[in-house]
Amino acid sequence: MLLPLHGRKNILLHGLPGSGKTTLVERLVNKIPYPKRGFYTREVREKGRRIGFKIVTLEGKEAWLAKRGKGYPQVGKYKVYVELFEKLAVPTISEVKENEMIIIDEIGKMELFSKPFQEAVLKVLDSKAPVLATVGYGLIPFVEELFKREDAIFAEVTPESRDYLVDRIAVEFYRPGFLIAIEGLDGSGKSTFIKGLAQKLEEKGEKVCVTREPTSGEWGQKIREHLAAGSKISPQAMAELFLRDRREHAQNFLIPKLQDGQIILCDRYYLSTMAYQGACELDIKEIKKANETWAPVPDLILYLKVSVEEALKRVNQRKFYKPEVFETQEFLTKVASIYENNLKYFRHEIIDASASPEEVLERAWEALSKHLEAWKERFR
Ligand SMILES: Nc1ncnc2c1ncn2[C@@H]1O[C@H](COP(=O)(O)OP(=O)(O)OP(=O)(O)O)[C@@H](O)[C@H]1O
Ligand SMILES: Cc1cn([C@H]2C[C@H](O)[C@@H](COP(=O)(O)O)O2)c(=O)[nH]c1=O
């Protein structure tokens with residue numbers, strides 16, 4: 001399996017009823033080249049009228065989940081056939097062979113009347129098997145707990161996102177390339193470092209591409225204008241601009257390069273939004289979730305750690321320097337603390353970047369080597 005190195009192998013698709021979750025799962029099942037097992041939930045109609053729901057396994061076996069009528073348990077107009085569902089669904093997602101991927105469409109109110117199903121879902125999420133599941137909304141404690149999981153990638157399916165999500169989600173299960181995000185405070189030395197690292201990788205015969213956020217695209221340019229002018233736009237609006245820029249970046253650059261097996265060095269990524277817009281009091285976990293709908297999870301983050309004083313000193317030494325909106329002692333102190341508290345959500349290396357550029361590169365190369373070896377072992 002060409003799973004990415006970042007290790008987050010559970011993808012949970014959520015969205016309003018009718019948003020296209022099942023169609024997306026079907027498209028992904030056809031696209032991802034692994035053996036799979038699991039089930040879909042399908043509507044059953046008679047003369048155009050919905051009469052209930054069946055589950056259909058990937059092997060083509062069927063069982064009723066719910067039918068119009070009264071009885072216990074009841075969801076809206078439907079009686080739920082817990083035992084029929086359970087008898088087919090639970091073995092389907094439990095008897096997992098090595099190298100199989102599990103499809104669960106869906107984890108919703110009706111299915112969750114089954115305790116054995118709940119247990120089977122948790123077991124497979126905690127196993128080594130990659131899981132693609134859809135999750136219904138509703139005030140169900142089991143679902144609320146699922147949304148707290150830190151080992152999952154959440155993607156919101158909407159009419160706007162659903163076509164894009166085919167490639168975006170596929171790249172979390174099948175990723176020949178390697179996405180490295182370089183993060184750190186303004187002035188930590190990211191740009192200088194990336195040039196050196198790209199050169200070193202090329203000398204070793206690797207296919208490397210270098211990119212940055214904000215990008216030079218339409219949204220990235222707008223962001224840079226705001227940063228330079230110190231515009232008073234709200235943190236929400238700023239986070240939205242970064243997300244739009246990143247969506248285009250992911251779609252037009254990051255995903256194609258990952259599919260092509262390249263190593264990408266990205267100067268800032270969505271951990272920057274978590275740190276900088278988080279420091280403007282936005283909810284950091286929500287920023288992460290919203291970004292992961294659109295942006296592939298990085299395989300590795302290299303965090304260049306310097307003190308705020310050193311970062312500001314370096315920034316001030318630049319020619320024609322005019323401070324940007326975030327470049328203050330107080331703000332960057334908050335940013336640094338959010339960075340350091342949130343690195344744990346990613347495969348990462350902290351590089352002491354207080355030394356000379358040559359020394360920083362040496363330290364990073366040493367830290368990177370073991371990850372590159374692991375990637376090559378898997379993909380070459
Ligand atoms: N290790 C280092 N030691 C001393 N100075 C450095 C080091 N790395 C970079 N610099 C200098 O510090 C300044 C900022 O470096 P650079 O532009 O690489 O940082 P950056 O992290 O990309 O900043 P920004 O996020 O603001 O774009 C530059 O003048 C650069 O020459
Ligand atoms: C990607 C990203 C960046 N920022 C901030 C961080 C910097 O102050 C500027 C520009 O970045 P540069 O690397 O210094 O050129 O933008 C941010 O607030 N949120 C983000 O997502």
Side-chain angles (χ1 to χ4, degrees), residues 181-198 210-217 219-231 233-250 254 265-282 284 286-288 290-292 294-295 298 301-336 338-339 342 351-365:
I182 319 295
E183 293 282 0
L185 298 178
D186 302 61
S188 55
K190 297 182 304 312
S191 319
T192 313
F193 167 73
I194 281 184
K195 279 188 212 126
L197 188 57
V210 173
T211 185
R212 73 193 286 224
E213 293 188 357
T215 69
S216 51
W219 297 108
Q221 284 181 32
K222 278 198 203 331
I223 292 169
R224 291 203 185 274
E225 282 163 24
H226 285 302
L227 291 173
S231 325
I233 73 168
S234 71
Q236 285 86 348
M238 206 61 187
E240 180 58 31
L241 284 178
F242 281 112
L243 184 54
R244 285 190 195 184
D245 184 39
R246 188 160 297 126
R247 278 158 62 165
E248 291 197 354
H249 193 206
L254 301 178
L265 301 180
C266 186
D267 185 344
R268 294 198 183 281
Y269 199 36
Y270 62 90
L271 180 57
S272 278
T273 318
M274 291 164 67
Y276 284 76
Q277 281 58 58
C280 300
E281 309 304 332
L282 295 192
I284 295 164
E286 287 307 315
I287 295 176
K288 177 165 170 277
N291 274 271
E292 288 182 352
W294 298 91
I301 289 181
L302 296 178
Y303 177 66
L304 301 192
K305 181 171 170 151
V306 287
S307 65
V308 174
E309 292 72 21
E310 175 67 15
L312 284 172
K313 192 177 103 198
R314 290 184 190 175
V315 157
N316 273 300
Q317 280 165 355
R318 280 186 184 139
K319 275 191 195 159
F320 314 115
Y321 175 68
K322 185 168 165 278
E324 280 188 349
V325 65
F326 296 134
E327 291 170 353
T328 67
Q329 171 90 28
E330 192 191 352
F331 188 78
L332 289 185
T333 302
K334 261 195 195 171
V335 171
I338 300 178
Y339 261 135
N342 286 275
I351 315 291
D352 175 358
S354 60
S356 69
E358 296 72 27
E359 180 65 36
V360 173
L361 187 57
E362 270 319 301
R363 286 175 187 175
W365 185 255

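One-based numbering, in listed order, for ligands and for the atoms of each.
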Check: At the 4.0 Å heavy-atom cut-off, does S356 count as touching ligand 1?
Finding: yes

Checklist line | Pairwise salt bridge (Lys or Arg N to Asp or Glu O under 4.0 Å) hits with a residue in residues 304-315, at least two apart | finding: K305-E340, E310-K313, E310-R314

Check: So which bit of S354 gets within less than 4.0 Å of ligand 1, heavy atoms only: side chain, backbone, both or neither?
Finding: neither

Checklist line | For atom 31 (O) of ligand 1, the protein heavy atom that lies nearest, with its residue and separation | finding: T192 OG1, 4.2 Å

Checklist line | Heteroatom distance test (D267, ligand 1): nitrogen or oxygen, under 3.5 angstrom | finding: no

Note to self: Would you say that L332 contacts Y276 through its side chain, given a criterion of any heavy-atom pair below 4.5 Å between the two side chains?
What the structure shows: yes

Next item on the list: For the residue pair T273 and R246, establish whether any side-chain heavy-atom pair is separated by less than 4.5 Å.
Entry: yes

Checklist line | Within-4.5 Å side-chain heavy-atom neighbours: K222 and W219 | finding: yes

Check: Do Y303 and L271 have side-chain heavy atoms sitting under 4.5 Å apart?
Finding: no

Next item on the list: Answer whether the closest heavy-atom distance between the side chains of R268 and D186 falls below 4.5 Å.
Entry: yes

Note to self: Using a 4.0 Å cut-off on heavy atoms, what residues surround ligand 2? Order them by chain and number.
What the structure shows: D186, R212, E213, P214, R224, L227, F242, R246, R268, S272, T273, Y276, Q277, F326

Check: Is any side-chain heavy atom of L304 closer than 4.5 Å to a side-chain heavy atom of I182?
Finding: yes

Checklist line | Test item, L185 contacting ligand 1 (heavy atom, 4.0 angstrom) | finding: yes

Check: Who passes salt bridge (charged side-chain N to carboxylate O under 4.0 Å, His left out) against K288, sequence neighbours left out?
Finding: none

Item checked: Residue, atom name and distance, where the atom is the protein heavy atom closest to atom 22 (O) of ligand 1 -> S191 OG, 2.5 Å

Check: Would a 4.5 Å heavy-atom cut-off, applied to side chains only, mark T211 and H249 as touching?
Finding: yes

Check: Is R268 in contact with ligand 1, taking contact as a heavy-atom separation below 4.0 Å?
Finding: yes

Next item on the list: Write down the atom of A290, the atom of W294, and the distance for their closest heavy-atom approach.
Entry: O-CD1, 3.5 Å

Item checked: G189: numbered ligand 1 atoms lying under 4.0 Å from its heavy atoms -> 8 (N), 9 (C), 15 (O), 16 (P), 18 (O), 19 (O), 20 (P), 21 (O)

Next item on the list: Name the closest protein heavy atom to atom 27 (O) of ligand 1, giving the residue it belongs to and the distance to 0.1 Å.
Entry: R318 NH2, 3.4 Å

Result block: side-chain N/O donor-acceptor pairs under 3.5 angstrom for residues 236-244, not counting sequence neighbours:
unit_1: E240; atom_1: OE2; unit_2: R244; atom_2: NE; d: 3.1

Next item on the list: Give yes if a backbone or side-chain nitrogen or oxygen of G187 is under 3.5 Å from a nitrogen or oxygen of ligand 1, and no if not.
Entry: yes

Notebook entry, point to check: Is any N or O atom of V360, backbone or side chain, closer than 3.5 Å to an N or O atom of ligand 1?
Noted result: no

Next item on the list: Return the option from K190, R314, E183 holding the heavy atom at the smallest distance from atom 2 (C) of ligand 1.
Entry: R314

Note to self: Suppose we measure from atom 1 (N) of ligand 1 to each protein heavy atom; which comes out shortest, and what is that distance?
What the structure shows: A355 O, 2.8 Å

Note to self: I'd like to check L265 versus L302 (side-chain heavy atoms, cut-off strictly below 4.5 Å). Are they in contact?
What the structure shows: no

Notebook entry, point to check: Mind checking whether F331 and F326 have parallel, tilted or perpendicular rings, split at 30° and 60°?
Noted result: parallel

Note to self: Tell me the contacting part of Q317 for ligand 1: side chain, backbone, both, or neither, using a 4.0 Å heavy-atom threshold, strictly below.
What the structure shows: neither

